Amino acid sequence: MYAQMVKTDAKGVKTLEEMSPEERAFQERVDRGEKIEPKEWMPEGYRKTLVRQIGQHAHSEIVGQLPEGNWITRAPTLERKAILLAKVQDEAGHGLYLYCAAETLGVSRDELMEKLHNGSMKYSSIFNYPTLNWADIGAVGWLVDGAAIMNQVPLQRTSFGPYSRAMIRICKEESFHQRQGYDIMMKMAKGTPEQRAMAQDALNRFWYPSLMMFGPSDKDSVHSAQSIAWKIKINTNDELRQKFVDQTVPQAEYLGLTIPDDNLRWNEEKGGYDFSEPDWSEFFEVIAGNGPCNKERLGARVKAWEDGAWFREGLMAHAEKHGKRQAA
Amino acid sequence: MSSQWPLWEIFIRGQHGLNHRHVGSLHAPDAEMAIRNARDVYTRRNEGVSIWVVKSADITASSPSDKGPLFEPSNSKVYRHPTFFDIPEEVGHM
């Protein structure tokens, strides 16, 4: 999931009887499956939670360009380079759709950037891991984009109109991302022994961080219950993680690669795989800023923002001057 | 002095959750009247749940004759389409 552990400010989910008339009318619209649009009344908690969630999602798209961008100049062929460039370009586009959806809630782009840069808003934990060999680019497309799709497909039905429409656009474009990743994995897995080893190494390193993308088990979380009532979250973290594992295991088998989990086995009764939980202490460390690449990633974003300031200001000055000349 | 009302472009959201779509234009003295007129001109059969009006003069459009060079860059990038990659059936939907 690109948005992890989004707080709702809720102390518990109110029943319809406990709600004010406005809140009740709002909840009933959400329950009927109606979309909420920016200028309509909404509970303050709904608005704030959505700003956090959509903002975190947007930041993830933008920061997510960095681990893959690392390989644009190192791609093994011109074709792979062009494909990777197109993929990273898509991620920038996805970030922009999402920032615009967040801005309809009354927050400015600059505020969101400021909060990313000062660490008060997060991005997905997954992008704090390094991409060490070319197979990592395959693993990122296959696993990371695969996990993102798992999360984003149900969010197309989310209750907030602009978020839902951004998700619909994004989902249309994600299939390319996952397939190009799997295509790289197929090449590597069927290649030389060295290439096979790289593919297995990439799977070993990205498996558990990918499972962490869905966030910790949220069976008992107040935030999760409130978000599900508001339909800004459609499935629990555990449901999505299970679906992801069930989908991914046969894909790994086809590649002839081994999922790094001795406890992985088919459970006939539940109709899904049993699997090991990731190391959640590692997850909380990465979220707290202590992952392998947190400083590098945030540093790169802040540097890009600061180094680009003169250019943004220059274009604005030009537009103002040009506007005055036309008015005169 | 010309007293012709300005032209407005009308966008209607047909159903909850969908994008507003351009349906046409009309003349009106101000934005509020444009919305009222749009209701009468474009939603007489209950076609919408919401109306946007934008002054036509405020819209900047690309020129249809520039279509070739404007959109050319994406023509050569067939790999942006998922079907560019052959994924074996036994792997499942991707």
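The chains referred to below are lettered A, B, ... by the order of the sequence lines, with proteins before strands, and numbering in each begins at 1. Note that the structure is a prediction, hence the values are computed from the model and not measured.
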Please report the interatomic distance OG(A:Ser175) to NE2(B:His93), rounded to the nearest 0.5 Å. 6.0 Å

Portion of A:Glu79 that has a non-hydrogen atom of chain B nearer than 4.5 angstrom: side chain

Assess whether atom CD of B:Glu72 is packed by more than 12 heavy atoms of other residues, nucleotides or ligands within 6.0 Å. yes

Checking A:Gln89 against chain B: side chain, backbone, both or neither under 4.5 Å from a heavy atom? side chain

Quick one: CE on B:Met94 to CD on A:Glu174, what's the gap to the nearest 0.5 Å? 13.0 Å

side-chain contact (heavy atoms from CB on, under 4.5 Å), that's the test. Do B:Phe85 and A:Ile83 meet it? Break it down for me. CA-CA 11 Å; B:Phe85 303 92; A:Ile83 292 168; 4.0 Å; yes

NZ of A:Lys270: more than 12 outside heavy atoms within 6.0 angstrom? yes

If the threshold is 4.0 Å, N to carboxylate O, is there a salt bridge linking B:Arg80 and A:Glu173? no

Could you state the interatomic distance from NZ (B:Lys77) to CG (A:Leu85), rounded to the nearest 0.5 Å? 9.0 Å

List the steps and the verdict of side-chain contact (heavy atoms from CB on, under 4.5 Å) for B:Gln15 and A:Lys35. CA-CA 9 Å; B:Gln15 274 178 46; A:Lys35 298 293 180 219; over 6 Å; no

Heavy-atom contact with chain B under 4.5 Å, split by part of A:Arg165: side chain

If you count heavy atoms of other groups shown closer than 6.0 angstrom to CG of B:Asp86, is the number above 12? no

For the NZ atom on A:Lys190, are there more than 12 heavy atoms of other groups (residues, nucleotides or ligands in this structure) within a distance under 6.0 Å? yes

Just wondering, do A:Glu37 and B:Arg13 contact through their side chains at under 4.5 Å, heavy atoms? yes

Non-hydrogen atoms of chain B under 4.5 Å away: do they reach the side chain of A:Arg29, the backbone, both or neither? side chain

If you count every heavy atom of other residues, nucleotides or ligands that lies below 6.0 Å from B:Glu90 atom CD, does the total exceed 12? yes

Pairwise distance CZ(A:Phe176) to NE2(B:His81) - rounded to 0.5 angstrom: 10.0 Å

From the list A:Arg179, A:Gln247, A:Gln251, A:Met186, side chain to side chain contact (heavy atoms under 4.5 Å, CB included) partner of B:Val91 resolves to A:Gln251

Do the side chains of A:Gln180 and B:Tyr79 get nearer than 4.5 Å, heavy atoms only? no

